[in-house]
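To start, the structure itself, in structure tokens.
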Amino acid sequence: MIQLVVFDMAGTTVDEKNVVYKTVHQALLRGGLDVSLETVLWHGAGKEKFQAIKDILQHLQGQVDETVAKAIHRDFEQLLDAAYAVLQPEPMPGAEQVFSSLRARGIKVALDTGYKRLVAEFLLNRLKWTKGATYDVLITADDIENGRPHPDMIRAAMAACGVEDPKYVAKVGDSAID
């Protein structure tokens, strides 16, 4: 029996209008790169955002100039702050009901995300989702050493929820990297 379900946030449980990847796309364009939003999503979805930018640069240029990647990431963070100032995220249809149903059956609900903790908590506050009522644990890119596709976030959620065997864990996400 499943004891823990680990849900991705953006695009899976949280409808944030794809603002993060649109903002990554905007920062890359402002950095002089000719890239489509589809390419940004394909190579960046689900990843910690600096890693996503580096992976997109690797795809586009065959190499990563760390100075360029850092500059694009700084611009991305400033653009994202401005976008979040006006963003009103919404729960994905049925997400809250799924959480409630799982928790009522004694199944722990973890949220994991490639966002920094500050961004994730901002979204959760806007949604009025609270630890212990809506979900059991939040694991962010800030909490682990290796982002997805490495299992660090899932393992951290397991440890926080007291689940020892991964055969009792389900992962739900909207990107291949999940």
Heavy-atom side-chain proximity of [X] to [Y] below 4.5 angstrom:
X	Y	result
His59	Thr39	yes
Asp112	Met9	no
Lys70	Glu66	yes
Asp81	Phe76	no

Compute whether any side-chain donor of one residue and acceptor of the other, for Gln51 and Asp55, lie under 3.5 angstrom apart.
->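 Short answer, yes.
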Do you see a donor-acceptor pair shorter than 3.5 Å between the side chains of Lys49 and Tyr21?
->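 The criterion, which ignores hydrogens and geometry beyond distance, is satisfied for Tyr21 and Lys49.
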Output the distance between atom NZ (Lys131) and atom CG (Leu111), rounded to the nearest 0.5 Å.
->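 Here the interatomic distance stands at 11.0 Å.
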Could you grab the distance from atom CD1 of Ile2 to atom NZ of Lys167, nearest 0.5 Å is fine?
->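 If we round to the nearest 0.5 Å, Ile2:CD1 and Lys167:NZ are 11.0 Å apart.
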Check side chain to side chain donor-acceptor pair (under 3.5 Å) between Asp174 and all other residues, then give those that pass, not counting sequence neighbours.
->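 Counting only residues at least two positions away or on another chain, Asp174 forms a side chain to side chain donor-acceptor pair (under 3.5 Å) with Thr12.
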Do you know the tightest heavy-atom contact between Ile144 and Ala156?
->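 Minimum heavy-atom contact is CG2-CB, 4.1 Å.
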Please report the shortest heavy-atom distance between Val64 and Ala69, naming the atom on each side.
->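 In terms of heavy atoms, the two residues are closest at CG1-CB, 4.2 Å.
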Indicate yes or no for a side-chain donor-acceptor contact from [X] to the backbone of [Y] under 3.5 Å, with no hydrogens or angles considered.
X	Y	result
Arg126	Glu121	no
Thr23	Val19	yes
Thr134	Thr130	yes

Please assess Asp142 against Lys116 for the test salt bridge (charged side-chain N to carboxylate O under 4.0 Å, His left out), listing each intermediate value before the final yes or no.
-> CA-CA 6 Å; Asp142 291 336; Lys116 291 181 174 189; 5.8 Å; no
Parallel, tilted or perpendicular: which describes the rings of Phe99 and Trp129, with under 30° parallel and over 60° perpendicular?
->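 Correct class here is perpendicular.
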Can Asn18 and Leu41 be said to form a side-chain contact (heavy atoms from CB on, under 4.5 Å), step by step?
-> CA-CA 10 Å; Asn18 213 9; Leu41 290 168; 3.8 Å; yes
More than 12 heavy atoms of other groups within 6.0 Å of [X] [atom1]:
X	atom1	value
Lys108	NZ	no
Gln97	CD	yes
Glu145	CD	no
Asp165	CG	yes

Could you state whether Phe50 and Tyr115 fall into the same hydrophobic cluster, counting links through intermediate Ile, Leu, Val, Met, Phe, Trp or Tyr residues with side-chain heavy atoms under 4.5 angstrom apart?
->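 No; tracing contacts between hydrophobic side chains, which count when under 4.5 Å, never links both residues.
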Salt bridge (Lys or Arg N to Asp or Glu O under 4.0 Å), paired with Asp8, selected from Lys171, Arg148, Lys47 |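 Only one of Lys171, Arg148, Lys47 forms a salt bridge (Lys or Arg N to Asp or Glu O under 4.0 Å) with Asp8, namely Arg148.
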